[in-house]
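Read through the structure below, which is laid out as structure tokens, and then see the notes.
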Amino acid sequence: EEEVQRKKEIIMKRKLEDSAREVHTPQLLEEQERLIATLIEAHRKTYDASYSDFSQFRPPKRGDGSPECRNATNPFLMSLLNSDMDELPKASASGAEAAAGDELSMLPHLADLVSYSIQKVIGFAKMIPGFKELCTEDQISLLKASAIEIIILRSNESFTMEDNSWTCGSNEFKYQIGDVMQAGHKLELLEPLVKFQVNMKKLDLHEAEHVLLMAICLFSPDRPGVQDRCRVEEVQEHLTETLRAYIACRHPLSCKHMLYTKMVEKLTELRSLNEEHSKQYLQISQDAVNKEDLPPLLLEVFGNPTA
Ligand code: ZYD
């Protein structure tokens, strides 16, 4: 008897789902619910909100406030006074290099943070249904093109409007505009980037919406080099349909107005942030005196101008 009741319930549920599809009433289908659960789990497994791995990166060096920087006019005197050496190191005898090295003082730490984040984004991608089924070349094309966009999106979790910083635990791992400038980036990127973070925060997305947006961003069929555009588009459409349905039936009425549209607009803004980042990255990778500052994975994903 219980069995009969269960079967009846299943049939009823199917009928409801079918009629919902007919009249285009967005309703979360069982399959969509499972997809959302999978994405949330994938994100939780790849985003450590305790940021405990950050101490393994090369340490952040903030030029401002350091003795070298307070006395920027006498960098050589400063370094001799602060070290046990009594001779200028040969390599930096020209001055310009020392200044550039100082400017990029945050680069090793932030390059490690980005390299680490790329690895996490790859882990996230591999758990998205449909990604592993693509050929390796397309997986690489999608990841190369979207890595910085997904990093910008996921970083919203650590961003706080209190002081417009990315706060990842202690003060040591609190990143402000000035810190990113000391990795060589300029306001043409940083100003719209912080605005983007503030506007994202204001959308106050549910975790389901946040992870769907990252997955939708990854599955963009128009990225350079993508062969099987149709497969990528199919998966993206399935993700966007799930997002629409989720917003329609789970997001409170008062704040769902235009939410889907606003989220799609964010994808456009990400493209322009991506473009500006690429330009500035190229400049930084050319300026970097110590090529070891940029980890190999980062060079592979964003490009290696000296290769
Ligand atoms: C997340 O994956 C994890 O939320 C945490 O161009 C922290 C985090 C912050 C992201 C930030 C803050 C994550 C610093 C500035 C960034 C920003 C996202 C985009 C700009 C990171 C990563 C880029 C730093 C400089 C990159 C240097 C190169 C690669 C040369």
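In each ligand, atom 1 is the first atom listed, and ligand 1 is the first ligand listed. Please read these numbers as outputs of a predicted model, since none were measured by experiment.
Those atoms of ligand 1 that come under 4.0 Å of a heavy atom in Leu298, given as number and element, are 29 (C). Less than 4.0 angstrom separates some heavy atom of Leu107 from each of these atoms of ligand 1: 30 (C). Shown in contact with Ser158 at under 4.0 Å from a heavy atom are these atoms of ligand 1, numbered in order with element: 4 (O), 5 (C), 7 (C). Atoms of ligand 1 lying under 4.0 Å from at least one heavy atom of Ile151, given by number and element, are 22 (C). Residue-ligand proximity, Arg154 to ligand 1, at heavy-atom distances under 4.0 Å covers atoms 1 (C), 2 (O).
The closest side-chain donor-acceptor pair between Gln176 and Ser165, if any, does not fall under 3.5 angstrom. His251 and Tyr260 form no side-chain donor-acceptor contact under 3.5 Å, judged by distance and modelled atom types alone. Asp222 and Ser220 share no side-chain donor-acceptor pair at under 3.5 Å.
Contact annotation: Leu193 has at least one heavy atom less than 4.0 Å from an atom of ligand 1. Heavy atoms of Cys168 come nearer than 4.0 angstrom to ligand 1 in at least one pair. Under a 4.0 Å heavy-atom criterion, Leu190 is not in contact with ligand 1.
Nearest protein neighbour of atom 14 (C) of ligand 1, counting heavy atoms only, is Val180 CG2, 3.8 Å. Scanning the protein heavy atoms around atom 24 (C) of ligand 1, the nearest turns out to be Leu110 CB, 3.8 Å. The nearest protein atom to atom 21 (C) of ligand 1, hydrogens excluded, is given as Val114 CG2, 4.0 Å; this is a heavy-atom distance. For atom 10 (C) of ligand 1, the closest heavy atom belonging to the protein is Ser155 CB, 3.4 Å. Among all non-hydrogen protein atoms, the one lying nearest atom 28 (C) of ligand 1 is His185 NE2, 3.7 Å.
Test Met127, Lys120, Glu157 against His43 for side-chain contact (heavy atoms from CB on, under 4.5 Å) and you get one pass: Glu157. Checking Thr240, Leu205, Ile216 one by one against Met263, the side-chain contact (heavy atoms from CB on, under 4.5 Å) holds for a single residue, Leu205.
Within a 4.0 Å radius of atom 7 (C) of ligand 1, the protein contributes at least one heavy atom.
Rounding to the nearest 0.5 Å places CE of Met214 at 7.0 Å from CG of Leu153. Between Asn274 atom CG and Glu149 atom CD the span is 4.5 Å, to the nearest 0.5 Å. One distance of note links NZ of Lys61 with CG of Leu110; it measures 12.5 Å at 0.5 Å rounding.
More than 12 heavy atoms of other residues, nucleotides or ligands sit less than 6.0 Å from atom NZ of Lys291. Within a 6.0 Å radius of NZ in Lys256, more than 12 heavy atoms belonging to other residues, nucleotides or ligands are found. Atom CD of Glu31 is surrounded by more than 12 heavy atoms from other residues, nucleotides or ligands within 6.0 Å.
Considering backbone and side-chain N/O atoms, Tyr281 never comes within less than 3.5 Å of an N/O atom of ligand 1.
If you look at His277 next to ligand 1, the close heavy atoms, those under 4.0 Å, all belong to the side chain. Of all the heavy atoms of Lys120, none lies under 4.0 Å from any atom of ligand 1, so neither backbone nor side chain is involved. At a heavy-atom cutoff of 4.0 Å, ligand 1 is contacted by no atom of Asp179, backbone or side chain.
For atom 5 (C) of ligand 1, the choice among Trp166, Tyr47, Tyr116 with the nearest heavy atom turns out to be Tyr47. Atom 2 (O) of ligand 1 has its nearest heavy-atom neighbour, among Ser117, Pro295, Pro108, in Ser117.
Summarising the geometry of Arg223 relative to Arg271, their closest heavy-atom pair is NH1-NE, 3.2 Å, with the distance given to 0.1 Å.
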